[in-house]
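Step one of this worksheet: look at the structure below.
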4 protein chains.
Amino acid sequence: MELRLISKKNEQDKKIISCKNLVIGDGSLVVIAGPCSVESREQIFKTAEFVKGQGANVLRGGAYKPRTSPYSFQGLGEEGLKLLREAGDTFQLPVISEIMDTREVELINGYVDILQIGSRNMQNYSLLKEVGRLKKPVLLKRGMAASLEDWLMAAEYIASEGNDNIILCERGIKTFESYTRNTLDLSAVPLIKSMSALPIIVDPSHGTGLRSLILPMSKASIAAGADGVMVEVHPIPEEALSDGFQSLNFREFKDLMEKIKPLHQYLNQ
Amino acid sequence: MELRLISKKNEQDKKIISCKNLVIGDGSLVVIAGPCSVESREQIFKTAEFVKGQGANVLRGGAYKPRTSPYSFQGLGEEGLKLLREAGDTFQLPVISEIMDTREVELINGYVDILQIGSRNMQNYSLLKEVGRLKKPVLLKRGMAASLEDWLMAAEYIASEGNDNIILCERGIKTFESYTRNTLDLSAVPLIKSMSALPIIVDPSHGTGLRSLILPMSKASIAAGADGVMVEVHPIPEEALSDGFQSLNFREFKDLMEKIKPLHQYLNQ
Amino acid sequence: MELRLISKKNEQDKKIISCKNLVIGDGSLVVIAGPCSVESREQIFKTAEFVKGQGANVLRGGAYKPRTSPYSFQGLGEEGLKLLREAGDTFQLPVISEIMDTREVELINGYVDILQIGSRNMQNYSLLKEVGRLKKPVLLKRGMAASLEDWLMAAEYIASEGNDNIILCERGIKTFESYTRNTLDLSAVPLIKSMSALPIIVDPSHGTGLRSLILPMSKASIAAGADGVMVEVHPIPEEALSDGFQSLNFREFKDLMEKIKPLHQYLNQ
Amino acid sequence: MELRLISKKNEQDKKIISCKNLVIGDGSLVVIAGPCSVESREQIFKTAEFVKGQGANVLRGGAYKPRTSPYSFQGLGEEGLKLLREAGDTFQLPVISEIMDTREVELINGYVDILQIGSRNMQNYSLLKEVGRLKKPVLLKRGMAASLEDWLMAAEYIASEGNDNIILCERGIKTFESYTRNTLDLSAVPLIKSMSALPIIVDPSHGTGLRSLILPMSKASIAAGADGVMVEVHPIPEEALSDGFQSLNFREFKDLMEKIKPLHQYLNQ
């Protein structure tokens, strides 16, 4: 594997990424929280307010959604981005949203603080190069069948265009086990950290597809050395237009934060 | 799975696709052959002449290549498309090439007869929708971790925009077996044919990654009911700029055609 | 991989196995047919008579069944072996049955002509060594997660004890695809044949778990170069005590034989 | 899935297993440590003394080894069991060793305190039933391609014969990712705990196959809720007759214990 720009040069080598007031990769805990999709002003504002109150650092919310079926809810588009931006500004949270099309880079870049490349587009090299021409942080999710090498080389694509503000995100791989939506590969966390200077976080919502596993797998992620987690939170998961079964409600998110913040502190003292 | 447009309505339902003089899906054998990448005028012309002489129906040749590393040969771009088009016209072969970016649809559409969506972009929904707005045949490769449902829904995305001239292409899935580059899932052929009216072909070059397996797996594909095969052919595979290890040389391609044409005839008599 | 005893010494090297009047590995077609489990005298006799009439060469029938649940039907045990033996003798068919326990080797050896090691016991090395001390042919199924190397080394275990009368049987591997019970890896057929002198057959019943796929995948197996197939046949699959959903009824088996015998002849003329 | 004997009857239901002075499943931390194979008196005694000193609760050591190749070191057999027993008695550690053959149950039962069923024999139902007739604790490793259902049903086999003193052990599953020997599926820990009352531990040595991952994945396992870990420790891993690349040396084991004991305490306070 020929890593040139994102490799770890020495034991101490760490890429520190700044995003507004937030610093990622310096040992602090990043918690990205919010709904799978932005559905309404009320939904995103209520969620933003709550997750901010519990200590989340970044607000997530999909506007352009990659759905398996063309007949499923596809997101609110630019209207969703506007609502996300407003909610982020109101509650002082940087915002992240997924980008799926090279033609939308400029538009989405105008609204978000971190650009997300989803699993399905991890090897959409045109898109990787396009976000590589920006300066803004990019969160690069692992593809469902991507080896560590495939994944790091995808990051190298972004870096090769000039942008090495890359946050990797493990979100599970496809295996024969069908109890969980995907199999969360936590060994990727220390392995990536040994090969690359980039920060890495974990998405236990997509990684397991089961609400009940988000808390234990978030704790495990942090214990494995992850820089943070990305979790889906919705005011009423049962009524979510997408992925409700893997979203936490407010009470569950509060519980999560009460467990993982001190755990992270304990592990990094 | 909610298939609306590409489902099989009854036992006899078959989508017949016309592409210049070629008909796909009517029971005849489609053989798409050519190099992984267009490398030079000489290379593509020699290959086109040879494969045409052996009975191939479509000329393949990559111009925009999805390579795992940004530092690998990325294809000749538009120059490659021009050479491919010329070679196709000279030897009366429709041509196919891969498209990776929504912004390149118009350009590539101007040169090719069939648009290819590769494995890595099988769930690049923006791209699927964009080629769905054309009338031209689209060859949709299965993603490396795509279930049959994921794959058929990707085809449904294309069809939902108005274009149901879709040829599916099985090209192997990722499994624990590392002897082969991928594991060719031939059961997908009869399964897809029971669920959808679309034609399906097999790519044993990518499906196995081993030159020696192309002949036996091509025969197996045809015996399983595939409408054809897509194979990589190069004048001197050892000198190919990409994928030489899974490309046939001319003698091997001649041998392949001498075996699969009569086999197909025997099976469909 | 260190293959000593079962490796292919040269291009022509083929292990020919004799079993009563049957010869395996000489280019002729082996068809092993019969029910998943021996259930009654009537069932096994009717099946034996029918499959013999259609040209099957070996009668299969489980007596000791490896079932996922301890509460499922576990087979008739020795009574099943007796019935299988009688049916085989009556219709002049060699018989095969699975062995799961080193302590039962002597007993089962007294009844069958070919000993089967199932997928779940492919790395039960004590059992492999034990059947290696016999002279009788052993059919070794590939484990559900066994790489080609794991599988060939398991065969080497048998051979290392003195018995190289080994027939390999591809029966599908576990992958993320859940439409089929397993993913039949037909590329294993030519690959194994390039590495080892042993004959290899394919079990499309377990390999796909779907009755409708048995015919197309049997044809594909033979086209890929397999020495034969092993299929489940039951007088009334809907009433089978195990695996009915992947068993052919008599009419379907007749149809299968009418297709694969001439195909094999065509391919080997 | 029809779990009768090992299912979780209510939220508080926990199977507590006693083994000499050790209690497993009550919330305390179990650490099983020792070499892959017992190689000599000096090796096992030195290891036993050291791991005991660091707080390990159980001494592991293979005597009958399931090796992929028949030409690899197969273990010392009964001599290995004797040395293991002596070392355990000398340093007051219960001992565990793997059993692979129904005929060896009585012999091995005479030496060890916990019987281990390895991955390759997880669906060796004869063996499961045989250890089910004992009263002694059984550690049941997950098969490399075993779904949670397959695994729990294997435990049910043991319990159905009367022995529900079962400790489950997650040790990685086979996936396309080849950087690690297996992919450790830590989501299995909370999932199993929600379905069954049985305790579950994790083996990060086999689960990753990389020494450097043992510490982070042990921490992650405990954070995910595991009852303990099983790790390979060897005085000089570089000279181990088996699996040295995934064994900790003494210094590394000391470091592991210094990290995981307080972490477990922190998480369970």
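Numbers restart at 1 for each chain; the letters A, B, ... are given by sequence-line order, proteins then strands.
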Open item on the list: Please classify the contact of B:I222 with chain C as side chain, backbone, both or neither, using a heavy-atom distance under 4.5 Å.
Closed with: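 Neither; nothing under 4.5 Å.
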- [ ] Pick one of side chain, backbone, both or neither for B:L267, based on which atoms fall under 4.5 Å of a heavy atom in chain C.
- [x]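 For B:L267, side-chain heavy atoms alone lie under 4.5 Å from chain C.
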Tell me, do [X] and [Y] make a side-chain contact under 4.5 Å, heavy atoms counted?
| X | Y | result |
| --- | --- | --- |
| C:P262 | B:Y266 | yes |
| B:W151 | B:E170 | yes |
| C:K65 | C:C36 | yes |

Donor-acceptor pair, side chain of [X] and main chain of [Y], under 3.5 angstrom:
| X | Y | result |
| --- | --- | --- |
| B:K261 | B:Q54 | yes |
| B:N121 | B:G118 | no |
| B:K8 | B:K193 | yes |
| C:S247 | C:H234 | no |
| C:E238 | C:G244 | no |

Open item on the list: Looking at B:R251 and B:D255, is any side-chain nitrogen of the basic one under 4.0 Å from a carboxylate oxygen of the acidic one?
Closed with: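 No salt bridge links B:D255 with B:R251.
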Task: Presence of salt bridge, C:E232 and C:R211, under 4.0 angstrom - done: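 Answer for the salt bridge query: no.
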Task: Partner chain B: residue of C:M217, C:K259, C:E149 with the largest heavy-atom pair count (under 4.5 Å) - done: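 Most heavy-atom pairs within the cutoff with chain B belong to C:M217.
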Open item on the list: For a side chain to side chain donor-acceptor pair (under 3.5 Å) check, start with the C-alpha distance between B:S7 and B:K9, then their side-chain angles and the critical distance, and finish with the verdict.
Closed with: CA-CA 6 Å; B:S7 62; B:K9 312 301 184 223; 2.7 Å; yes
Task: Proximal to chain C - members of residues 23-35 of chain B, heavy-atom separation under 4.5 Å - done: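 Within residues 23-35 of chain B, no residue comes under 4.5 Å from chain C.
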Task: Part of residues 174-188 of chain B lying next to chain C, heavy-atom separation under 4.5 Å - done: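 Against chain C, the residues of residues 174-188 of chain B that fall inside the cut-off (heavy atoms, under 4.5 Å) are B:K174, B:T175, B:F176, B:E177, B:Y179, B:T180, B:T183, B:L184, B:D185, B:L186, B:S187.
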TODO: Could you have a look at B:S218, B:G172, B:A146 and say which one has the most heavy-atom pairs with chain C under 4.5 angstrom?
DONE: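 Winner by heavy-atom pair count: B:A146.
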